[in-house]
Amino acid sequence: MLRLGLCCIFAEEPIRFRTTTAKHLLGMPRQAALARLGELCLENAAALAAAIGYCAGHGIGSFRINSQILPVKTHPEAGYGVDELPNGEAVRAAFRACGERAREAKVRLTFHPDQFVLLNSPRPEVVASSLADLAYHAEVAAWVGADVVNIHAGGVYGDKVESLARLVRAVEGLPAGVRSRLTFENDDRSFTPLDLLPVCRATGVPLVYDVHHHRCLGDGLSIEAATAAVLATWDREPLFHVSSPKAGWGSGDARPHHDFLDPADLPECWRELDATVEIEAKAKELAIRRLAGELRERGWRV
DNA sequence: AGCGGTCAAGTTGAT
DNA sequence: ATCAACTTGACCGCT
């Protein structure tokens, strides 16, 4: 059975995640900043609990957690350890409770660190900050039981072979908590499924198959062939991404996401899979509700 | 309450 | 050179 996944935020449901900026925090005394951060973290834990509850109650099988769930966590100056927060223990306990709730409700939790996390950059400082960010994601993932921390393969830097070799070497040096959750995703600029399958086979890192990116940046593999090859990289429930183009499949830029998903964009060969499909659509929970109805009309089990 | 300026970070390709 | 895109606009300070 397919599990439809919601990404990060809600369109209508009044569940909101808070954040702040490094600049703001650095303009106040450190203790005041830590107190403020602690409040935001605890609020975000409450919002996550609400998000899990909403998903459980509305047939949404997974939820992607925003990378700012602990705001500004790895900033070089404004960043912090959870133990530095005046309410650090309460924060940790609240997130562990989210994990328990998600486990009971069978809501899968995932992360998708942002575009600045690049394991294959030739610049050591970029890799170092990426490692710090991945460690942070893994820390929260352990609290809440998230089994996926998904990133793109990074840049090409003029040499695809060498950049992928750097990626493999970077994976080999990762701490276990990151390594065990890490996944790669094909993107719409640089790295296709055909590029990444060898890397995933060599490292054991599963491949998140984004069929929208694959349609925007093809590699000769059919969707059916890519799906089959990608499934073999997973040692747990596979994860896919899908979206529909805002501008349609005609002449314009197909990459920006539509508010809703056209059910025709969901590959027919996914129909009988046991997998999670994250729905990347601007209308969020409304898009999932509409899609689930349309798929059921077509005989899909979601 | 509403609005404009601002926000930590990398890389790519279209204009 | 600038900008949008990328998983996601939200926050702050002003009127």
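In what follows, chains carry the letters A, B, and so on, assigned in the order in which the sequence lines appear, proteins first and then strands, with residues in each chain numbered from 1. Reckoned from all heavy atoms, side chains included, excluding hydrogens, waters and symmetry mates.
In this structure, C/dT15 and B/dA1 make a Watson-Crick or G-U wobble pair, each of the two defining distances being under 3.5 angstrom. Here C/dT7 sits opposite no nucleotide as a Watson-Crick or G-U wobble pair (both hydrogen-bonding atom distances under 3.5 Å). Taking a pair to require two hydrogen-bonding distances under 3.5 Å in either a Watson-Crick or a G-U wobble arrangement, B/dA8 remains unpaired.
Between A/Ser121 and B/dT11, a side-chain N or O to OP1/OP2 separation shorter than 4.0 Å is present. Taking only side-chain nitrogens and oxygens, A/His213 comes nearer than 4.0 Å to OP1 or OP2 of C/dT7. OP1 or OP2 of C/dG9 sits under 4.0 Å from a side-chain N or O of A/Lys282. Contact annotation: A/Arg36 reaches the phosphate of C/dC12 (side-chain N/O to OP1 or OP2, under 4.0 Å). Between A/His152 and C/dT7 there is a side-chain polar atom (N or O) within less than 4.0 angstrom of OP1 or OP2. The shortest distance between the side-chain N/O atoms of A/Arg123 and the OP1/OP2 oxygens of B/dT11 is below 4.0 Å. Proximity of A/Arg189 to the phosphate of B/dT11: no side-chain N or O atom is located under 4.0 Å from OP1 or OP2.
Distance, A/Gln115 CD to B/dA8 C1': 11 Å, rounded to whole Å. As a whole-Å value, the separation of A/Ile288 CD1 from C/dT7 P is 16 Å. Counting to the nearest Å, the P atom of B/dC7 and the NE2 atom of A/His75 are 11 Å from each other. Protein atom CG of A/Leu25 is 12 Å distant from nucleotide atom C1' of B/dA8, rounded to whole Å. One atom, CG of A/Leu131, and another, P of B/dA9, lie 19 Å apart when rounded to the nearest Å. Distance A/His137 NE2 to C/dT7 C1': 10 Å, rounded to the nearest Å. The distance from atom CZ of A/Phe191 to atom P of C/dC6 is 18 Å, rounded to the nearest whole Å. The CG atom of A/Leu119 sits 13 Å away from the C1' atom of B/dG10 (whole-angstrom rounding).
Looking only at distances, no side-chain donor or acceptor of A/Tyr136 sits under 3.5 Å from a matching main-chain atom of A/Leu131.
Here A/Ser129 lies out of heavy-atom contact (under 4.0 Å) with every strand. Across all strands shown, A/Ser190 has heavy atoms under 4.0 Å from sugar-phosphate atoms exclusively, and none from any base. Using a 4.0 Å heavy-atom distance criterion, A/Phe111 is classed as making no nucleic acid contact. Note on A/Val117: nothing from the nucleic acid sits closer than 4.0 angstrom, heavy atoms only. Contacts of A/Asp114 with the nucleic acid, taken as non-hydrogen atoms under 4.0 Å apart, include base atoms.
Comparing C/dT8, C/dC6, B/dG10 against the side chain of A/Val126 picks out B/dG10 as the nearest. Of the listed nucleotides (C/dT7, C/dT8, B/dA9), B/dA9 has the atom at the smallest distance from the side chain of A/Asp133. Of the candidate nucleotides B/dT11, C/dC6, B/dC7, B/dT11 has the atom nearest to the side chain of A/Leu118. Listed candidates were B/dG10, C/dC12, C/dC11. Nearest to the side chain of A/His24 is C/dC12.
Residue-to-nucleotide proximity on DNA chain C shows that, of A/Cys8 and A/Leu40, the 5′-proximal contact is made by A/Cys8.
Comparing C/dT8 with C/dA4, their C1' atoms sit 16 Å apart, to the nearest whole Å. With both ends at atom P, the span from B/dG4 to C/dC6 equals 24 Å, rounded to whole Å. Comparing the P positions of B/dG5 and C/dC3 gives an interatomic distance of 14 Å, to the nearest angstrom. Separation of the P atoms belonging to C/dT7 and B/dG13 is 16 Å when rounded to the nearest angstrom. Distance noted for atom C1' between B/dC3 and C/dA5: 25 Å (whole Å). Taking atom P on both C/dC11 and B/dA8, the two are 14 Å apart, rounded to the nearest angstrom.
Salt-bridge formation is detected for the pair A/Lys73/A/Glu139: a Lys NZ or Arg NE/NH1/NH2 atom is positioned less than 4.0 Å from an Asp or Glu carboxylate oxygen.
In A/Arg92, the CZ atom is crowded: over 12 heavy atoms of neighbouring residues, nucleotides or ligands sit closer than 6.0 Å. Remark: A/Lys160 NZ is packed, more than 12 non-hydrogen atoms of other residues, nucleotides or ligands lying under 6.0 Å away.
Below 30°, between 30° and 60°, or above 60°: for A/His213 and A/His152 the angle between ring planes is between 30° and 60°, a tilted geometry.
A/Ser67 has its side chain out of reach of A/His112: every pair of non-hydrogen atoms, C-beta onward, lies at least 4.5 Å apart. The shortest distance between side-chain heavy atoms of A/Ile9 and A/Lys284 falls below 4.5 Å. No side-chain heavy atom of A/Val277 sits under 4.5 Å from any side-chain heavy atom of A/Arg3.
For A/Phe116 and B/dA9, the ring-to-base geometry satisfies the stacking test (centroid distance below 5.5 Å, interplanar angle below 30°).
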